[in-house]
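Computed from a prediction, not measured in an experiment: that's the story for all the values here. In what follows, every chain begins at residue 1, and chains take the letters A, B, ... in the order their sequences are listed.
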There are 2 protein chains.
Amino acid sequence: MVTCRRIAAVGPYKDLRRASGDVQRGGEVVEVAGVLFPGFVDCHTHAVFGAPRLDDHERRALGEDYKTVAARGGGILQSVRDVRARSESDLAALMQTRVRALLAHGSTTIEVKSGYGLDAANELKQLRAIRQTAAAERAALVPTFLGAHEVPPEFRDHRPDYVRLVCDEMIPAVAREHLAAACDVFCEPGVFDVAETRTILTAAQRHGLALKLHADELEGSGGAELAVALGALSADHLGAVSDAGIRALAASDTVAVLLPATMLFLGKRTQAPARRLVEAGAAIALASDFNPGSSPTVGLPLVMALGVSQLGLRYTEVVSAVTVNAAAALGLAADRGQIAPGFRADLVSWGVSDWREVAYWMGEQLVTAVWTGGSACPLPGGPVSLGLHVKA
Amino acid sequence: MVTCRRIAAVGPYKDLRRASGDVQRGGEVVEVAGVLFPGFVDCHTHAVFGAPRLDDHERRALGEDYKTVAARGGGILQSVRDVRARSESDLAALMQTRVRALLAHGSTTIEVKSGYGLDAANELKQLRAIRQTAAAERAALVPTFLGAHEVPPEFRDHRPDYVRLVCDEMIPAVAREHLAAACDVFCEPGVFDVAETRTILTAAQRHGLALKLHADELEGSGGAELAVALGALSADHLGAVSDAGIRALAASDTVAVLLPATMLFLGKRTQAPARRLVEAGAAIALASDFNPGSSPTVGLPLVMALGVSQLGLRYTEVVSAVTVNAAAALGLAADRGQIAPGFRADLVSWGVSDWREVAYWMGEQLVTAVWTGGSACPLPGGPVSLGLHVKA
C-alpha cells in the first residue's frame with residue numbers, strides 16, 4: 001500500500017507552477033499525450049471467483065434460460081462449489097490477475113462482492129481474500145457482503161433459516177471484522193423476495209453497513225422502490241424496473257447502476273430503460289458486473305460503448321456514469337471520480353485524440369498510463385491470463 | 001514482404017522431429033503456453049478510412065435512425081468526403097495502425113473494401129492505399145472493390161449514370177491494375193436495388209472478379225438469393241434474410257457472413273438468424289465489419305463472444321466461422337484457416353487454458369504471439385492509437 005496523495009490544484013500549467021511551487025521543490029512533471037480522465041470507478045463486480053463458467057455460456061446460446069442452466073448444475077451454485085473448495089490465498093491469487101486486468105482498462109476503484117460462499121466461513125473467506133488482494137494491489141478495492149446472493153442447496157427446504165443465518169451470524173461477523181463497506185442482496189423472484197430482502201438489509205443497516213441491491217434484473221418486483229425506501233446507495237441491474245421504481249429512484253439519492261454487458265452476454269434482447277431513468281431525473285452509473293457466469297467483461301470502455309449504443313446514453317452521460325455517479329454508488333462521491341482539488345489523485349491517460357473515442361473503439365485497450373493515489377502503476381506489458389493455470 | 005512459408009507437418013513432437021529433421025538442420029523450436037489457433041480471417045472490413053464518426057454514434061443513441069443520420073450529413077457520405085480529401089499515403093498511414101491493431105487481436109488475413117471514394121480516382125486511390133499497406137504490413141490484406149457502396153451526391157438525380165460509371169470505368173480499371181480480388185455491392189432498398197446489383201456484379205464477373213454482396217442488412221430484398229444465383233463467394237449481413245434466402249444459401253457454396261458487432265453498435269435489438277442458417281445447412285462466417293460508422297470493432301474475439309451470446313452459436317461454430325468458413329468467404333479455403341500441411345503458416349497463440357476462453361472474456365486482449373507465413377510478428381508493446389494525430 002502506497003500513501004494516497006490527493007489532487008492539490010487543477011489549472012493551466014503556468015498557474016499551477018506559481019501556486020504550488022512544487023516543481024521548484026523537486027516535484028516531477030509528467031507530460032501526457034491524448035486524454036486524461038479521472039480513474040474510473042467500477043461500482044459492481046463479483047471479481048473473487050475461481051473458474052470461468054464456459055458451459056453456461058454455450059448452454060444459454062443453445063436456448064437454455066438462466067434458471068434452467070442453474071437447475072442443471074451451472075449458474076451461481078457452480079461458482080459456490082468452486083469457491084468453497086479453494087483456499088483464501090488461492091482466491092486472492094486468482095483475483096490479483098483479474099484486478100490488474102480491470103485496472104489496465106482504466107478502473108482505479110473496483111467494488112467487489114462476496115456471494116460465492118453462502119455460509120459464514122466461506123463468505124468471510126471471500127471477504128478476507130478481497131482484503132488480502134487490496135493490500136497487495138494498486139487499484140482501490142471496495143468490499144461488499146453479498147451472503148444473500150442465492151439460497152445455498154443445504155437450505156433449499158428451509159429458506160427462513162438461511163435468512164436468519166445471514167442476519168444473525170454473517171452480518172455481525174462481517175461488521176465485527178470490518179470486512180465490508182456495504183451489504184447487497186439479490187432481490188428477484190425465485191431468489192430473495194422483497195420481504196426477505198428488507199429483513200436482511202435492515203439487519204445490515206443496524207450493524208452500520210451501507211446498502212446496495214440487485215433489483216428488478218429479470219422481473220420487476222419492487223426492488224428499486226425498496227432500495228429507495230431503505231436509503232440504499234444503489235439499485236443495480238433494473239432490466240425490468242417499473243414506472244413506480246423509476247419515479248422512486250428519480251426522487252432519491254439512490255444511484256441506478258446499469259449493467260448492459262450482462263444483458264448482452266446473457267443473450268437478452270432488452271436493456272434497462274436508461275433514457276427514461278435519465279429523463280425522470282435519476283442518477284445513472286454503469287458497471288462491468290465482472291463475474292464468471294453472466295459478465296466476463298474486463299473493462300469499462302466496452303461497457304461505455306454499450307451505454308451509448310444499447311442504452312441510448314450520450315457520451316457525457318456514460319463518462320459521468322463511470323466517474324462521479326459510480327463513486328456515489330459506493331458512497332465515495334466526495335473522495336474520487338473527479339479531477340478536482342482534494343480528490344484522490346487517481347488518473348488515467350488514454351491514447352485517443354478525442355475523449356469520446358474511449359466509448360467508441362469496441363474491444364480495444366486504449367489506456368496508456370494509470371496513477372493511483374498520485375503514483376504511477378505498472379501496467380502489464382502484454383496480455384493478461386484471466387483463466388486458470390496458464391504459464392506465461 | 002517476407003516469404004510465405006507453409007505448414008510442413010502436424011503431429012506429436014517426436015514424430016515431427018523424425019519426419020522433418022528440421023531441428024537438426026538448424027530449425028528453431030518455439031514452445032507455446034496456452035492455446036494455438038490458425039490465424040483468424042476477418043473476411044469483411046472497411047479498414048481504409050479517415051476519421052472516426054463519433055457524432056453518428058451519439059445521434060443514433062438519441063433516436064435518429066441510420067437513414068436520418070445519413071440525411072443530416074453523417075453516414076457513409078461523411079467518410080466519403082473525408083477519404084476524398086486525403087492522399088493515398090495518408091490513408092495508408094492511418095490504415096497501418098488499424099491493421100496492426102486487428103493483427104494484435106489475432107486476425108492474420110484481413111479483407112478490406114474500398115467504397116469511400118465513389119468516383120474512379122478515389123476508389124482507385126483507396127485500393128492503392130490497401131496495396132501500399134499490404135506491402136508494408138505483416139497481415140495478409142485481401143482487397144475488395146466496393147464502388148457501389150452508396151450513390152454519391154453528384155449522381156443522386158441520375159443514378160443509372162453512376163451504375164454505368166461503376167460498370168464501364170471503375171471495374172475495368174480495377175481489373176486492369178489487379179487492384180481487387182472481388183467486387184462487392186451494398187444491395188439494400190434505398191441504396192442499390194437487386195436489378196442494379198445484378199448489373200454491377202455481372203460486369204465484375206466478366207472482368208474476372210469474384211463476387212461478394214452486402215445483402216438483406218436492414219430489410220429483406222432478395223439479396224441472399226441474388227448472391228447464390230450469381231455464385232458469389234459470400235452474402236454478408238443478412239439481418240433481415242428471408243426464408244427463401246436461407247434455403248438458397250443452404251443449398252449453395254455461398255458463405256453467410258454475419259456481423260453481430262454492427263447490429264450491436266447500431267443499437268439494433270435484433271440479429272441475423274444464425275441458428276436457422278446453421279440448421280438449414282448454410283456455412284456461417286463471422287467478421288468484424290471494422291469501419292468508422294457502424295462497427296469500430298477491433299477484434300474477432302469480441303465478435304466470437306457475440307456469436308455465442310447474441311447469435312446462439314456453439315463455441316466450435318464460432319471458431320470455424322473465423323477460420324475455415326471465413327477463408328471460404330474469400331475463396332481461400334484451400335490456402336489458410338487451418339493448421340494442416342500445405343496451409344499458410346499463419347498461427348496465433350492465446351494466453352488461455354481452455355480454447356473456449358477466446359470467445360468468452362469480453363473485451364480482453366488475449367493474444368500472446370502471432371506468426372504470419374511462418375515468421376513471428378512484432379506486436380505493439382502497449383495500446384495502439386486508432387484515431388487521428390495522437391503522438392505516442
Side-chain angles (χ1 to χ4, degrees), chain A residues 33-34 52 54 57-58 60-63 101 105 261 264-267 269-271 275 295-299 301-303 305-315 350-354 356-357 359-368 379 381-392, chain B residues 33-34 52 54 57-58 60-63 101 105 261 264-267 269-271 275 295-299 301-303 305-315 350-354 356-357 359-368 379 381-392:
Chain A
L54 297 156
H57 190 203
E58 184 165 277
R60 275 193 308 269
L62 298 173
H105 286 270
L264 185 76
F265 192 79
L266 288 175
R269 292 290 166 84
T270 58
Q271 287 284 358
R275 199 74 251 146
S295 184
T297 306
V298 174
L302 177 59
V303 175
L306 296 176
V308 179
S309 282
Q310 289 286 309
L311 297 181
L313 297 174
R314 293 181 173 86
Y315 282 118
W350 300 81
V352 295
S353 46
D354 184 312
R356 300 174 295 173
E357 290 178 64
Y360 169 82
W361 299 108
M362 289 210 299
E364 191 48 290
Q365 166 53 286
L366 298 163
V367 171
T368 53
L379 293 180
V384 187
S385 169
L386 291 163
L388 304 170
H389 314 306
V390 172
K391 277 176 273 169
Chain B
L54 298 155
H57 189 202
E58 184 165 276
R60 276 193 307 270
L62 297 173
H105 286 270
L264 186 75
F265 193 78
L266 288 175
R269 291 291 166 84
T270 58
Q271 288 283 358
R275 198 74 251 144
S295 185
T297 306
V298 175
L302 177 58
V303 176
L306 296 176
V308 178
S309 283
Q310 289 286 310
L311 298 180
L313 297 174
R314 292 181 175 86
Y315 282 118
W350 300 80
V352 295
S353 46
D354 184 311
R356 299 174 296 174
E357 289 178 65
Y360 170 81
W361 300 107
M362 288 209 299
E364 191 49 290
Q365 166 52 286
L366 299 162
V367 171
T368 52
L379 293 179
V384 187
S385 171
L386 292 162
L388 304 171
H389 314 306
V390 171
K391 280 175 272 171

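Chosen from L311(A), L302(A), V308(A), the residue pairing most often with chain B at heavy-atom distances under 4.5 Å is V308(A). With chain A as the partner, the residue from L54(B), T368(B), L379(B) showing the most heavy-atom pairs under 4.5 Å is L54(B). Of the listed residues (V303(A), L386(A), V298(A)), the greatest number of heavy-atom pairs within a distance under 4.5 Å of chain B belongs to L386(A). Counting heavy-atom pairs under 4.5 Å between each of T297(A), L264(A), L306(A) and chain B puts L264(A) at the top.
Distance alone, capped at 3.5 Å, is enough to place a donor-acceptor pair between the S353(B) side chain and the L388(A) backbone.
Counting heavy atoms from C-beta on, the side chains of E357(A) and W350(A) never come closer than 4.5 Å. With contacts defined as side-chain heavy-atom distances shorter than 4.5 Å, the pair P301(A)/W361(A) does not qualify.
With a 4.5 angstrom heavy-atom cutoff, L366(A) touches chain B via backbone and side-chain atoms both. For A359(B), the part lying near chain A is the backbone, with the side chain staying farther off; criterion is any non-hydrogen pair under 4.5 Å. Both the backbone and the side chain of R269(A) come within contact range of chain B, with heavy atoms under 4.5 Å apart. Contact annotation for V367(A): only backbone heavy atoms (N, CA, C, O) come within less than 4.5 Å of a heavy atom of chain B. Contacts between R60(B) and chain A at a heavy-atom distance below 4.5 Å are absent for every atom of the residue.
Rounding to the nearest 0.5 angstrom, the gap separating the CD atom in Q271(A) from the CD atom in Q310(A) is 5.5 Å. Note: R356(A) CZ to E58(B) CD = 7.0 Å, rounded to the nearest 0.5 Å.
The shortest heavy-atom contact between M362(B) and A305(B) is CG-CB, 3.9 Å. Heavy-atom minimum distance, H105(A) versus G363(B): CE1-O, 3.4 Å.
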